[in-house]
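Worksheet: one structure, shown below.
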Amino acid sequence: MKIGYVQFNVEFGEVRKNIDKISELTHEKEFDLLVLPELANSGYKFSETEELEELSEEAGKGEFSRFLLKLAKEKSATIVAGFCEKEIKDGKAKFFNSSILVTKKGDVKVYRKIHLYYDEKIWFTPGDSGLNVFNIDGVEIGMMICFDWFFPESARTLALKGAQIICHPSNLVMPYCQRAMFTRALENCVFTITANRTGKDVKKDGELKFTGGSIIYDPKGNVLANSDDIKEECTITEINSKIAENKNLNKKNNLFEDRYPEFYWLK
């Protein structure tokens, strides 16, 4: 199975340019599963509600969703991408920092980010989708977004639900995550794909610089692919997803069977 990520400088407010960049970077690539950064359609640093209205879309219906569905069909692949989601309910709009999963068959699945970081709390509603795992062509795939990594319960929940691969669209600004995902992969015996962005969002009220360093770990914590903090690229590597089904650390220890939930204080 060929898995990978696209790392690029997402331009704020330039949905068409971002689509064109993804097309350019993936044009000559072959893959079965590809992960794009967080808010890959819109950019990250929102300053006013009007920007949300303009740059958000309903899952599976907007320009960015249509592009992803077309690309998935053309590449005969599954694509996971962060996007700015709008939900219209009872005539009112809610906005979510979401991840969309699309398949070559036209299926659409959505995860809404639970753990909102800093000013995200101003613009987005905390996710209500739950942490779910989807069987796509016999492979169990889970999604989480950026700051979710800071809460080990996120990856553990996905792993306990059977995830073999955790797709992790990100817009990372702190220096820790790329190294920390080693632990998320190792402690859950899963593959992790962190697709981060590069560049800056520069607005009148300040700027944010993103750290790049997109990275793929295997269930033993080995680095299968890694980018620097600047380069825009689509990186693909080949894996056997079934490796993640074996939770045995050795002959006497199993990562999940050795758990004692009755002794854990989780609430």
Side-chain angles (χ1 to χ4, degrees), residues 1-10 18-38 40-41 64 67-83 99-105 107 109 134-146 149 158 163-172 177-179 181-182 184-186 189-199 210-245:
M1 179 183 187
K2 293 181 179 180
I3 66 171
Y5 57 76
V6 174
Q7 173 173 290
F8 73 109
N9 181 4
V10 182
N18 294 327
I19 287 174
D20 289 343
K21 178 64 65 134
I22 295 165
S23 295
E24 176 189 335
L25 291 170
T26 59
H27 178 63
E28 297 182 351
K29 299 289 186 175
E30 294 182 2
F31 47 83
D32 300 299
L33 172 64
L34 187 72
V35 184
L36 308 179
E38 179 182 15
N41 66 325
F64 190 64
F67 160 71
L68 294 175
L69 285 161
K70 182 173 180 286
L71 183 63
K73 185 176 181 180
E74 289 175 352
K75 296 289 186 178
S76 189
T78 297
I79 300 173
V80 172
F83 78 114
S99 176
I100 188 171
L101 180 155
V102 300
T103 73
K104 60 188 177 185
K105 297 177 182 178
D107 300 317
K109 309 292 183 183
F134 305 100
N135 185 296
I136 310 295
D137 296 327
V139 179
E140 302 290 343
I141 297 173
M143 294 181 281
M144 63 186 204
I145 299 174
C146 203
W149 77 266
L158 292 170
Q164 297 166 304
I165 304 172
I166 294 178
C167 300
H168 185 216
S170 297
N171 277 187
L172 299 164
C177 174
Q178 291 90 335
R179 289 174 291 161
M181 288 304 290
F182 160 84
R184 297 291 166 266
L186 185 65
C189 192
V190 295
F191 292 91
T192 63
I193 308 172
T194 297
N196 194 26
R197 64 162 288 186
T198 62
F210 303 95
T211 61
S214 298
I215 193 163
I216 299 175
Y217 286 103
D218 76 5
K220 299 296 183 184
N222 297 306
V223 177
L224 302 184
N226 192 196
S227 294
D228 65 20
D229 60 343
I230 297 173
K231 190 175 182 180
E232 296 184 305
E233 61 183 346
C234 177
T235 299
I236 308 296
T237 189
E238 194 153 359
I239 66 163
N240 177 1
S241 62
K242 292 191 177 298
I243 292 174
E245 295 176 4

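The first residue of the sequence shown is numbered 1, and numbering continues consecutively from there. Predicted model only: the values in this text are computed from it and were never measured.
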TODO: Not counting sequence neighbours, which residues clear side chain to side chain donor-acceptor pair (under 3.5 Å) with Arg197? List them please.
DONE: Asn9, Asp201

- [ ] Drop me the distance from Ser23's OG to Lys70's NZ, to the nearest 0.5 angstrom.
- [x] 7.5 Å

Task: Inter- and intrachain pairs under salt bridge (Lys or Arg N to Asp or Glu O under 4.0 Å), touching residues 211-226, at least two apart - done: none

Open item on the list: The test is side chain to side chain contact (heavy atoms under 4.5 Å, CB included); show your working for Thr192 and His168 and say whether it passes.
Closed with: CA-CA 7 Å; Thr192 63; His168 185 216; 6.0 Å; no

Open item on the list: I'd like to check Trp149 versus Leu172 (side-chain heavy atoms, cut-off strictly below 4.5 Å). Are they in contact?
Closed with: yes

Task: Non-neighbouring partners of Val80 that pass side-chain contact (heavy atoms from CB on, under 4.5 Å), sequence neighbours left out - done: Leu33, Val35, Ser99, Leu101, Met143, Cys167, Pro169

Task: Closest non-hydrogen atom pair, Gln178 against Tyr217 - done: O-OH, 2.8 Å

Task: For the student: nearest non-hydrogen atoms of Phe8 and Pro37, plus distance - done: CE2-CD, 3.8 Å

TODO: Would you mind reporting whether Cys177 and Met181 have side-chain heavy atoms less than 4.5 Å apart?
DONE: yes

Task: OG1-CD distance between Thr198 and Glu232, expressed to the nearest 0.5 angstrom - done: 5.0 Å

Task: Min side-chain heavy-atom separation Leu36-Leu68 under 4.5 Å - done: yes

Open item on the list: List the residues meeting salt bridge (charged side-chain N to carboxylate O under 4.0 Å, His left out) with Asp137, not counting sequence neighbours, and say none if there are none.
Closed with: Lys104

Task: Partners meeting salt bridge (charged side-chain N to carboxylate O under 4.0 Å, His left out) with Lys105 (sequence neighbours left out) - done: none

Open item on the list: Show every salt bridge (Lys or Arg N to Asp or Glu O under 4.0 Å) that has at least one partner inside residues 29-38, sequence neighbours left out.
Closed with: Lys2-Glu30, Glu38-Lys113

- [ ] Verify, without hydrogens or angle tests, whether Gln7 (side chain) and Ile215 (backbone) share a donor-acceptor contact under 3.5 angstrom.
- [x] no

TODO: Check Val139 against Gln164 and note the closest heavy-atom contact, atom names and distance.
DONE: CA-OE1, 3.4 Å

TODO: For Thr26, check side-chain contact (heavy atoms from CB on, under 4.5 Å) against everything at least two apart and list the hits.
DONE: Val6, Ile22, Phe31, Leu34, Leu71, Cys234

Task: Partners meeting salt bridge (charged side-chain N to carboxylate O under 4.0 Å, His left out) with Glu233 (sequence neighbours left out) - done: Lys231

Open item on the list: I need the Ile3 CD1 to Ile193 CD1 distance, nearest 0.5 Å.
Closed with: 4.0 Å

- [ ] Say whether, by atom type as modelled, one donor and one acceptor occur between the side chain of Asn18 and the main chain of Val10 under 3.5 angstrom.
- [x] no

- [ ] Would you mind reporting whether Tyr5 and Thr194 have side-chain heavy atoms less than 4.5 Å apart?
- [x] no

What pairs of donor and acceptor atoms, side-chain ones from residues 235-244 against any protein atom, are under 3.5 angstrom apart with sequence neighbours left out?
{"unit_1": "Asn240", "atom_1": "OD1", "unit_2": "Lys242", "atom_2": "N", "d": "3.1"}

Task: Student check: side-chain heavy atoms of Phe191 and Ile166 closer than 4.5 Å - done: no

- [ ] Could you list the residues that satisfy side chain to side chain donor-acceptor pair (under 3.5 Å) with Asn196, not counting sequence neighbours?
- [x] Thr211

Open item on the list: Distance check, rounded to the nearest 0.5 Å: Asn171 atom CG versus Ile145 atom CD1?
Closed with: 10.0 Å

Task: Contacts of Lys109 that satisfy salt bridge (charged side-chain N to carboxylate O under 4.0 Å, His left out) - sequence neighbours left out - done: none

Open item on the list: Taking side-chain contact (heavy atoms from CB on, under 4.5 Å) as the definition, give me every residue that meets it alongside Leu69, ordered by chain and number, with sequence neighbours left out.
Closed with: Val102, Val108

